[in-house]
Amino acid sequence: MALGDLEREVMTQLWDAGEPLTVRQVHERLSRQRDLAYTTVMTVLDRLAKKGVVTQQKADRAYRYVPAQTREEMTASVMLDALTSSADQDAALAYFVGQLPPDALAAAIEAAQKAR
């Protein structure tokens with residue numbers, strides 16, 4: 001599932017925190033770099049929860065939000081979605097692999113061999 005710019009920024013804050021955050025905590029972190037309304041952050045987190053990208057944990061009167069997947073899992077999911085939507089998956093994958101730097105390609109091959 002592709003995310004919008006603000007959704008990606010919110011997810012980055014959640015991944016980097018390593019612990020569940022409230023709307024206020026996410027808002028404070030994002031406000032260091034850009035001017036955002038608290039309600040905007042609340043709406044983004046609510047939408048991410050409805051999409052299943054984050055989970056809500058009730059904490060007193062507020063929710064705490066935590067990513068449903070790691071950054072790597074979400075990236076892989078987006079890549080797989082794009083690949084499976086291609087009419088020629090083999091060609092798309094070959095093109096993608098051809099764009100990888102040699103070190104990344106070697107790491108991918110090694111990871112695939114370990115997964116077997």
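In this structure a side-chain-to-backbone donor-acceptor pair under 3.5 Å is missing from Gln99 to Phe96. Remark: side-chain polar atoms of Thr40 are not paired, donor with acceptor, to backbone N or O of Leu36 under 3.5 angstrom. Ser77 places no side-chain N or O within 3.5 Å of a backbone atom of Glu73 that could act as its donor or acceptor partner.
To the nearest 0.5 angstrom, Met42 atom CE is 8.0 Å from Tyr65 atom OH. Thr84 OG1 to Met79 CE: the interatomic distance, rounded to the nearest 0.5 Å, is 12.0 Å. To the nearest 0.5 angstrom, Leu48 atom CG is 11.5 Å from Lys50 atom NZ.
Summarising the geometry of Leu83 relative to Leu93, their closest heavy-atom pair is CD1-N, 3.8 Å, with the distance given to 0.1 Å. Between Lys58 and Arg61 the shortest heavy-atom distance is NZ-O, 3.7 Å. When every heavy atom of Gly52 is checked against every heavy atom of Ala68, the shortest pair comes out as O-CB, 3.3 Å. Annotation for Met74 and Trp15: closest pair SD-CH2, 3.7 Å, computed over non-hydrogen atoms. Residues Gln89 and Ser86 share a closest heavy-atom pair of CG-O, 3.7 Å.
Screening Gln25, Glu19, Gln56 for a side-chain hydrogen bond (donor to acceptor under 3.5 Å, both in side chains) with Arg64, the sole residue that qualifies is Gln25.
Annotation: Asp16, atom CG; neighbour count of heavy atoms from other residues, nucleotides and ligands within 6.0 Å is above 12. Counting heavy-atom neighbours within 6.0 Å of Asp60 CG, excluding the residue itself, gives a total of 12 or less. Residue Arg8 qualifies as enclosed at atom CZ: its count of foreign heavy atoms under 6.0 Å is above 12. Residue Tyr38 places its OH atom among more than 12 non-hydrogen atoms of other residues, nucleotides or ligands, all under 6.0 Å distant. Within a 6.0 Å sphere centred on CZ of Arg47, other residues, nucleotides and ligands contribute 12 heavy atoms or fewer.
Both Leu6 and Leu21 belong to a common hydrophobic cluster when Ile, Leu, Val, Met, Phe, Trp and Tyr are linked at side-chain heavy-atom distances under 4.5 angstrom. Residues Leu105 and Tyr95 fall into different hydrophobic clusters, defined by Ile, Leu, Val, Met, Phe, Trp and Tyr side chains chained together at heavy-atom separations under 4.5 Å.
Between Val41 and Leu30, some side-chain heavy-atom pair lies under the 4.5 Å cut-off. Side-chain atoms of Val66 and Leu14, non-hydrogen and from C-beta on, never get closer than 4.5 Å to each other. A heavy-atom distance below 4.5 Å is found between the side chains of Met11 and Pro67.
Classification of Lys51 and Asp46 as a salt-bridged pair fails, no side-chain N sitting under 4.0 Å from a carboxylate O.
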Exercise for the section: Carefully, step by step, assess Thr22 and His27 under the rule side-chain contact (heavy atoms from CB on, under 4.5 Å). Expected result: CA-CA 9 Å; Thr22 62; His27 178 256; over 6 Å; no
Salt bridge (Lys or Arg N to Asp or Glu O under 4.0 Å), that's the test. Do Glu28 and Arg32 meet it? Break it down for me.
CA-CA 7 Å; Glu28 287 171 358; Arg32 295 176 192 155; 5.9 Å; no
>> Walk me through whether Asp5 and Arg34 qualify under salt bridge (Lys or Arg N to Asp or Glu O under 4.0 Å).
In response: CA-CA 13 Å; Asp5 291 341; Arg34 62 188 285 185; over 6 Å; no
Would Tyr63 and Gln57 satisfy side-chain hydrogen bond (donor to acceptor under 3.5 Å, both in side chains), going step by step from the backbone distance to the final call? CA-CA 5 Å; Tyr63 283 110; Gln57 300 172 347; over 6 Å; no
